[in-house]
**Student:** 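I have a structure here, written as structure tokens, and I will follow up with some questions on it.
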Amino acid sequence: MPLKKAQNGLENGDTGSEKDERNFGNGSHQPSLDLNDVGEQDLGECDVSHAALAENGLGSALTNGALTLHSPVKRKLEAEKDYVFDKRLRYSVRQNESNCRFRDIVVRKEEGFTHILLSSQTSDNNALTPEIMKEVRRALCNASTDDSKLLLLSAVGSVFCSGLDYSYLIGRLSSDRRKESTRIAEAIRDFVKAFIQFKKPIVVAINGPALGLGASILPLCDIVWASEKAWFQTPYATIRLTPAGCSSYTFPQILGVALANEMLFCGRKLTAQEACSRGLVSQVFWPTTFSQEVMLRVKEMASCSAVVLEESKCLVRSFLKSVLEDVNEKECIMLKQLWSSSKGLDSLFSYLQDKIYEV
């Protein structure tokens, strides 16, 4: 039944999100959510805390953890005795709270697709830490259950992703080698597994260099478009690591054994055009028009049937899923063993002390 307009201007679940838009590093802002897109499945991770409500001026926290409404809000609610509370409003508030908890990525709900941007404020050049990988996994989980037809993955800044954060590795592995090696290896395993199991098409827009794990996950995605400025490198052996992101299997399949070995063992760098000619990238665009070209094609894909897109991906990827999961498991076991051994850890430390991994 239609709702009566409250004195605070809220009507039919309108949260006034235009006043709550947040600016991000790329100059864009987070769009308001469509209340029809907010589902029951998101509530498990999107509970509103008392502290968050207090910060928004809706109430203040009591010593026993309860919440008391500020008097102006309380008076307004008491004045509107026939006001019917719309459940969608609560869901929208919770969903906005969840989006605000993304610290190192930006998640934007566009018409027909979900846009995830790597925008790390806690590491250099969008490097990956277990915390950042967990945020990406959570965003993938949300996108898999909403009404978006596909996922677009890109990055803020001039670098797409510089792989694992090696300064983070040194700090963590130095403090507790056995415990942290297991935790980081499992974070990588779950991060890669999220891409393998994602049922909707994944489009990746590579605006700049993609290194290490940032390049290894590209074959797990469905369409890769790159800027002319982009380049690709997986110098695992050079930096005393074993391959990750299923690159030990996907790179030989796509690039051929010779070139894959040169990339994994010698750290050979591929330009965008070379990657396109070898099948790692499908198209290369001019940097000044890269964003426009990508968005034009993504919106065209989003106009297709969601069922057709998902079933088409299932036909292409289903026979590879179990193979990729096994490869991912074996790669992470190798990394865990490497970091757990004193010899492997000393080799990594000695390399990182002598050289700076620059992009």
Side-chain angles (χ1 to χ4, degrees), residues 110 112-118 126 136 140 143 148-155 158-161 163 192 194-234 245-247 249-260 262-264 268-306 308-321 323-324:
E110 305 287 354
F113 66 95
T114 299
H115 191 181
I116 299 177
L117 298 98
L118 300 177
N126 291 329
V136 175
L140 287 172
S148 60
K149 300 177 182 179
L150 58 98
L151 176 78
L152 173 62
L153 177 63
S154 64
S158 60
V159 177
F160 174 72
C161 180
V192 175
F195 282 89
I196 297 173
Q197 295 183 338
F198 194 76
K199 296 181 180 180
K200 301 175 183 179
I202 302 177
V203 178
V204 188
I206 311 294
N207 60 310
L211 296 92
L213 190 58
S216 296
I217 62 172
L218 298 182
L220 305 179
C221 304
D222 302 291
I223 298 175
V224 181
W225 291 317
S227 165
E228 187 75 33
K229 291 183 177 180
W231 49 270
F232 307 86
Q233 190 177 28
T234 53
C246 297
S247 57
Y249 174 81
T250 57
F251 274 32
Q253 293 290 322
I254 295 174
L255 303 173
V257 176
L259 181 56
E262 203 172 3
M263 288 192 68
L264 297 174
R268 174 174 171 177
K269 183 189 299 184
L270 285 186
T271 65
Q273 291 294 346
E274 287 176 328
C276 185
S277 65
R278 302 306 291 262
L280 186 62
V281 172
S282 58
Q283 286 192 77
V284 178
F285 300 106
W286 194 247
T288 54
T289 59
F290 177 65
S291 298
Q292 294 88 334
E293 296 284 356
V294 168
M295 295 306 295
L296 181 66
R297 286 161 173 77
V298 168
K299 290 178 180 179
E300 186 176 352
M301 281 186 64
S303 64
C304 299
S305 167
V308 170
L309 290 175
E310 188 169 332
E311 292 300 327
S312 298
K313 176 171 180 174
C314 180
L315 290 172
V316 174
R317 293 277 185 177
S318 59
F319 71 98
L320 279 176
K321 184 177 178 182
V323 176
L324 293 174

**Student:** Over all heavy atoms of both residues, which pair between T234 and A215 is shortest? Give the atoms and the distance, please.
**Tutor:** CG2-CB, 3.9 Å

**Student:** What's the separation between atom CG in L153 and atom CG in L118, rounded to the nearest 0.5 Å?
**Tutor:** 5.5 Å

**Student:** Apply side chain to side chain contact (heavy atoms under 4.5 Å, CB included) to K149 and E310, showing your working.
**Tutor:** CA-CA 8 Å; K149 300 177 182 179; E310 188 169 332; over 6 Å; no

**Student:** Work out which heavy atom in F290 is nearest to a heavy atom in S227; give both atom names and the distance.
**Tutor:** CE1-N, 3.4 Å

**Student:** For atom NZ of K313, is the number of surrounding heavy atoms from other residues, nucleotides or ligands below 6.0 Å larger than 12?
**Tutor:** yes

**Student:** Identify the heavy atoms of S282 and I223 that sit nearest to each other, and give their distance.
**Tutor:** OG-CG2, 3.8 Å

**Student:** Are side-chain heavy atoms of M295 and L152 found at a separation under 4.5 Å?
**Tutor:** yes

**Student:** How close do F232 and A272 get, counting heavy atoms only, and between which atoms?
**Tutor:** CE1-CA, 4.0 Å

**Student:** About how many Å separate CD of E311 and OG of S318, when rounded to the nearest 0.5 Å?
**Tutor:** 10.0 Å

**Student:** Whether the side chain of N207 engages the backbone of S154 through a donor-acceptor N/O pair (distance < 3.5 Å, no angle test) should be reported.
**Tutor:** no

**Student:** Any side-chain to backbone donor/acceptor pair from R317 onto C221? Under 3.5 Å, distance only.
**Tutor:** yes

**Student:** Is there side-chain contact between L211 and F160, with heavy atoms separated by less than 4.5 Å?
**Tutor:** no

**Student:** Any side-chain heavy atom of L151 within less than 4.5 Å of one from K200?
**Tutor:** no

**Student:** Take V203 and F113 through the side chain to side chain contact (heavy atoms under 4.5 Å, CB included) test and state the conclusion after the steps.
**Tutor:** CA-CA 10 Å; V203 178; F113 66 95; over 6 Å; no

**Student:** What pair of heavy atoms forms the shortest contact from G208 to A230, and how long is it?
**Tutor:** O-CB, 3.4 Å

**Student:** Calculate, to the nearest 0.5 Å, the distance between atoms CE and CD belonging to M263 and Q233 respectively.
**Tutor:** 7.5 Å

**Student:** If you count heavy atoms of other groups shown closer than 6.0 angstrom to CD of Q292, is the number above 12?
**Tutor:** yes

**Student:** Just so I know, are the side chains of I206 and V281 near enough to count as touching, which here means a heavy-atom distance under 4.5 Å?
**Tutor:** no

**Student:** Can you label the angle between the W225 ring and the F285 ring as parallel, tilted or perpendicular, going by 30° and 60°?
**Tutor:** perpendicular

**Student:** With side chains defined as the heavy atoms from C-beta onward, is the minimum distance between E293 and Q283 less than 4.5 Å?
**Tutor:** no

**Student:** Could you go step by step and tell me if L218 and T250 meet the side chain to side chain contact (heavy atoms under 4.5 Å, CB included) rule?
**Tutor:** CA-CA 9 Å; L218 298 182; T250 57; over 6 Å; no

**Student:** Distance check, rounded to the nearest 0.5 Å: L264 atom CG versus S216 atom OG?
**Tutor:** 7.0 Å

**Student:** Are any of the side-chain heavy atoms of C246 and V192 separated by less than 4.5 Å?
**Tutor:** yes

**Student:** What is the minimum heavy-atom distance between L140 and A194, and which atoms define it?
**Tutor:** CD1-CB, 3.7 Å

**Student:** Considering only heavy atoms from C-beta outward, does the side chain of R278 approach that of L280 to under 4.5 Å?
**Tutor:** no

**Student:** Does F195 form a side chain to side chain contact (heavy atoms under 4.5 Å, CB included) with V136? I'd like the steps, not just the answer.
**Tutor:** CA-CA 10 Å; F195 282 89; V136 175; 4.2 Å; yes

**Student:** Atom SG of C276 and atom CG of L270: how far apart are they, to the nearest 0.5 Å?
**Tutor:** 11.5 Å

**Student:** Distance check, rounded to the nearest 0.5 Å: L309 atom CG versus C314 atom SG?
**Tutor:** 13.0 Å

**Student:** Any heavy-atom pair between the side chains of D222 and L150 that's under 4.5 Å?
**Tutor:** no

